[in-house]
Amino acid sequence: MATPKNSDSLDWIARIARVAPGLGSLLRYERSSAPHDFVAGLSVAAVALPVGVAYAELAGFNPVVGLYSSILPLFAYAIFGTSRQLIVGPDAATCALVTAAVAPLAAGNQATYESLSMTLAFLAGLFCIAASFVKLGALADFLSKPILVGFLNGIALSIILGQIGKVFGYPISAGGIIPRLAEFVSKLGLTHVPTLAVGVGTFVILLLTPRIFKRVPAALVAMILAAIAVRLLGLEQQGVKIVGDVPAGLPPIRFPRFSLDLIPTILGDAAGLALVSFSSMMLTSRSFASKNRYDVDADREFAALGAANIASAFSQGFAVSGADSRTAMNDATGGRTQAAGIVAASTVAVVLLFLTGPLRYVPIPALGAVLVMAGLSLVNLEGLKTIYRIERREFALSIIATLGVVAIGAIHAILFVVALATLRFVRLVARPKVEILGQVQGLPGLHSVERHPGAATIPGLLVLRFNAPIVFFNAPYFKRELLAAVQAAGPSLRWVVLDMLPITVIDATGLQVAQEIAEELEGRGALLVAAGRQTEWRLWAETRRFEDQFHKAKTYPTLRAAIKTFLASTVAGNGTPRDCGQE
C-alpha cells in the first residue's frame with residue numbers, strides 16, 4: 001500500500017507546483033542541499049544588509065525600509081519562482097525608477113512619497129501577475145540587449161551623479177544628469193574633508209576586499225569598518241552624517257494615503273516599472289539557469305516577480321527586481337535551491353529584530369560610495385563596443401536609450417526606446433529583403449543573384465524570395481517589388497516561382513494581393529507558382545473551405561520540384577530538359 005501513497009503525494013505536489021513552482025520544489029527538498037543552501041543564504045544576507053540600507057537611501061527612504069524590502073519578497077519568490085539561484089530585492093535600476101516616478105508626485109512630502117512608493121510596488125506586482133495570466137512572458141525578449149545596455153548605462157550615470165555629492169559632503173539638488181554635473185563642479189569648493197575621507201576610504205575597501213578575500217562581501221566589510229571609524233574617531237561630531245537610529249522590529253501595517261487623482265499617472269509608471277524590472281530580472285534568471293543547466297518559465301517568473309512586489313508593498317517596502325550581486329553571491333557560495341533565499345530573508349529578519357543598534361553608525365558617505373560602485377558596475381562599455389561591431393543601428397538605439405535617461409528621465413526613456421524598437425521591428429517586417437534566386441556553379445541550391453553576381457537564372461523563369469510574412473502593412477510593398485522584378489524579366493517570362501519557406505503567414509490582405517498579382521501575371525501570359533509549405537497551405541485551405549482555389553493554384557513541395565516541372569515543359573534546343581540541382 002506504500003506505493004499508492006507515494007503516488008498520491010507526488011500528484012499532490014505536482015498540483016501545487018503548477019501554481020507555486022518554488023513551493024513544489026521545496027516540498028521535494030533533498031537534505032543533502034541543506035548545508036549548501038544555509039551557507040549561501042547567510043552569504044546573501046551579508047550582502048543584502050548593507051545593500052538594502054544603501055538602496056533605501058538611494059530611493060529616498062529610511063534605511064530600515066531597504067531591510068523591509070529584503071524579507072517578504074524573498075519568501076514570495078521562493079514560493080512562486082522557477083529559478084533556483086535568483087535572489088530578489090532592491091536594486092539600483094529599480095530604485096532609480098521608483099525615485100523618478102514618485103518624487104515629482106510627492107512634492108517633498110515624505111509620507112506621500114512612501115505611500116506612493118508602496119502603491120507603485122503593489123500596482124507593478126498586479127501588472128506582472130496579469131501579464132503572466134495572458135502569457136506575456138515573451139516580453140522578456142522584447143527589451144533587446146542594446147536597449148537594456150543603453151538604459152542601464154543611463155541609469156548608472158544618474159546614480160553616480162546623484163550620490164557623488166554625499167561622498168564630497170555637500171547636497172546636489174539639480175535634476176537631470178547635465179545640471180547635476182554642473183552643480184557638482186560648481187560646488188567643489190564646499191567639499192567636507194572628513195566626509196570625503198570616509199567616502200574615499202570606503203572606495204578603497206570596496207576595491208581591495210574582493211582581491212584579498214574573494215568570498216567575503218565587500219560592501220559588508222566596508223560598512224562595518226566605516227561604522228567602526230565613525231564610532232571610534234567621533235566623526236559624527238566632526239560633521240560626518242550617519243544613518244541614525246534604525247527602528248527595530250518588523251514593519252507595521254499601514255495603508256497608503258494620497259490623492260486619488262494621482263492614480264492614472266502612477267498606473268503608467270507601474271506598467272513601465274513592471275516591464276523594465278521583469279526584463280532585467282529575466283536576464284539574470286536565464287543567465288544563471290543556463291550556467292546551472294536548467295530552464296526557467298518566463299510566464300511563471302512574471303507571476304513570481306508580481307508576488308514579490310506585492311509582498312514588498314504589504315511590508316511597507318518598495319519595488320524589487322532580480323538582484324545581480326546577491327544572485328551571483330548565492331551561486332558562488334553553492335546555493336542549490338530556493339531555500340537559500342528563505343535563509344537569507346530569515347537572517348535579515350533576525351538582524352531587524354535584534355541587531356539594528358550598530359546600523360546607526362553607518363556613515364552616509366559610505367552608503368554613497370557603495371551606490372557609486374553599484375552604478376559603475378552597471379556601466380557596460382564592452383557590451384556597447386560589441387553592439388557597435390555587430391549592428392550600427394542597434395548601437396544608435398542603445399545610445400538613444402542612454403541619452404533618453406539623461407534628457408527625459410528613466411520611465412519616459414524606456415517607453416520611448418521601446419517605441420523606437422517597435423517601429424524598427426515593423427520596418428524590418430514591412431520592408432524585408434526581396435531576392436531573385438539563381439544557380440551558382442559549384443554551389444548546390446539557389447542563391448541570391450545580388451550576393452552572387454555570377455549566378456545564372458533560367459530563361460522564362462523568375463524565382464523570387466520574400467523574406468517575411470505577407471500581411472497588411474507589407475502586402476503593397478510585396479506586390480510592387482514582385483511586379484518590378486517581372487517587368488525587368490521581360491516579355492519572355494512564363495513562370496514566377498515564389499519561395500514560400502520564409503512566408504510563415506499570409507493574412508486576408510496578403511491573400512487578396514496575391515490573387516491580384518496572379519491575375520495580372522495571367523494577363524501577361526505568365527503564371528504565379530508557389531513552392532514550399534505545400535501541405536501546410538493545403539491544410540489551411542481545407543479548414544477555411546478554399547479547397548477549390550488551392551487545387552486551381554500551382555503549388556509544389558519544393559523549389560526543386562517546381563523548377564523541374566518548368567524545365568520539363570520547356571524543351572531546350574537539343575530537345576532535353578535541363579536540371580537545376582538541389583534546392
Side-chain angles (χ1 to χ4, degrees), residues 54-61 65-66 69 90-110 112-125 127-128 143 147-166 171-181 183-184 256 258 262-281 309 312-313 317-321 368 371-372 374-375 378-379 400-420:
Y55 286 161
E57 175 73 19
L58 171 62
F61 296 102
V65 178
S69 303
D91 81 306
T94 303
C95 289
L97 289 173
V98 170
T99 303
V102 175
L105 302 178
N109 186 310
Q110 186 63 25
T112 303
Y113 186 93
E114 292 175 1
S115 292
L116 287 171
S117 298
M118 291 164 51
T119 306
L120 182 66
F122 180 78
L123 292 174
F127 275 121
C128 288
L143 282 185
I147 289 178
L148 281 173
V149 167
F151 176 73
L152 291 176
N153 283 340
I155 289 290
L157 291 174
S158 179
I159 290 171
I160 290 167
L161 289 176
Q163 298 300 312
I164 200 168
K166 296 174 183 176
I172 297 177
S173 56
I177 291 177
I178 301 301
R180 283 184 192 174
L181 182 60
E183 184 178 354
F184 167 70
F258 57 89
L262 299 177
I263 287 291
T265 302
I266 206 167
L267 276 172
D269 292 335
L273 177 62
L275 175 62
V276 174
S277 59
F278 174 66
S279 299
S280 175
M281 182 187 83
N309 273 291
S312 185
F318 49 88
V320 297
S321 182
L371 290 170
V372 169
L378 293 177
V379 176
I400 289 172
T402 301
L403 295 177
V405 175
V406 173
I408 60 177
I411 292 286
H412 294 97
I414 198 64
L415 296 176
F416 173 69
V417 176
V418 167
L420 284 181

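Position 1 is the first residue of the sequence; numbering continues from there.
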side-chain contact (heavy atoms from CB on, under 4.5 Å) filter on Ala121, not counting sequence neighbours, yields Asn309, Ala313, Ala319
Rounded to the nearest 0.5 angstrom, the OG-CG distance for Ser69 and Asp91 is 11.5 Å
Heavy atoms of Pro90 and Gly66 approach each other most closely as CG-O, 3.9 Å
Rounded to the nearest 0.5 angstrom, the SG-CG distance for Cys128 and Leu275 is 9.0 Å
Original post:
Do the non-hydrogen side-chain atoms of Tyr113 and Thr99 ever get within less than 4.5 Å of each other?
Top reply: yes
* Answer yes or no: is there a side-chain heavy-atom contact under 4.5 Å between Leu157 and Thr402? => yes
In this structure, CG of Leu116 is separated from CD1 of Ile266 (nearest 0.5 Å) by 4.5 Å
Phe318 meets the ring pair (Phe, Tyr, Trp, His ring centres under 6.0 Å) criterion, sequence neighbours left out, with Phe61
d(Asp269 CG, Leu105 CG) to nearest 0.5 Å is 6.5 Å
The reported gap from OG in Ser312 to CZ in Phe122 (rounded to nearest 0.5 angstrom) is 12.5 Å
Which of Thr119, Leu120, Leu97 passes side chain to side chain contact (heavy atoms under 4.5 Å, CB included) with Val102? It is Leu120
Do Val320 and Thr94 touch side chain to side chain, with heavy atoms closer than 4.5 Å?
no
In this structure, CD of Glu183 is separated from CG of Leu161 (nearest 0.5 Å) by 11.0 Å
What one should report as the nearest heavy-atom pair of Met118 and Pro256 is CE-CD, 3.9 Å
Close side-chain approach of Phe258 to Ile263, heavy-atom, < 4.5 Å: yes
Between Ser277 and Ser321 the two heavy atoms that sit nearest each other are O-OG, 2.9 Å
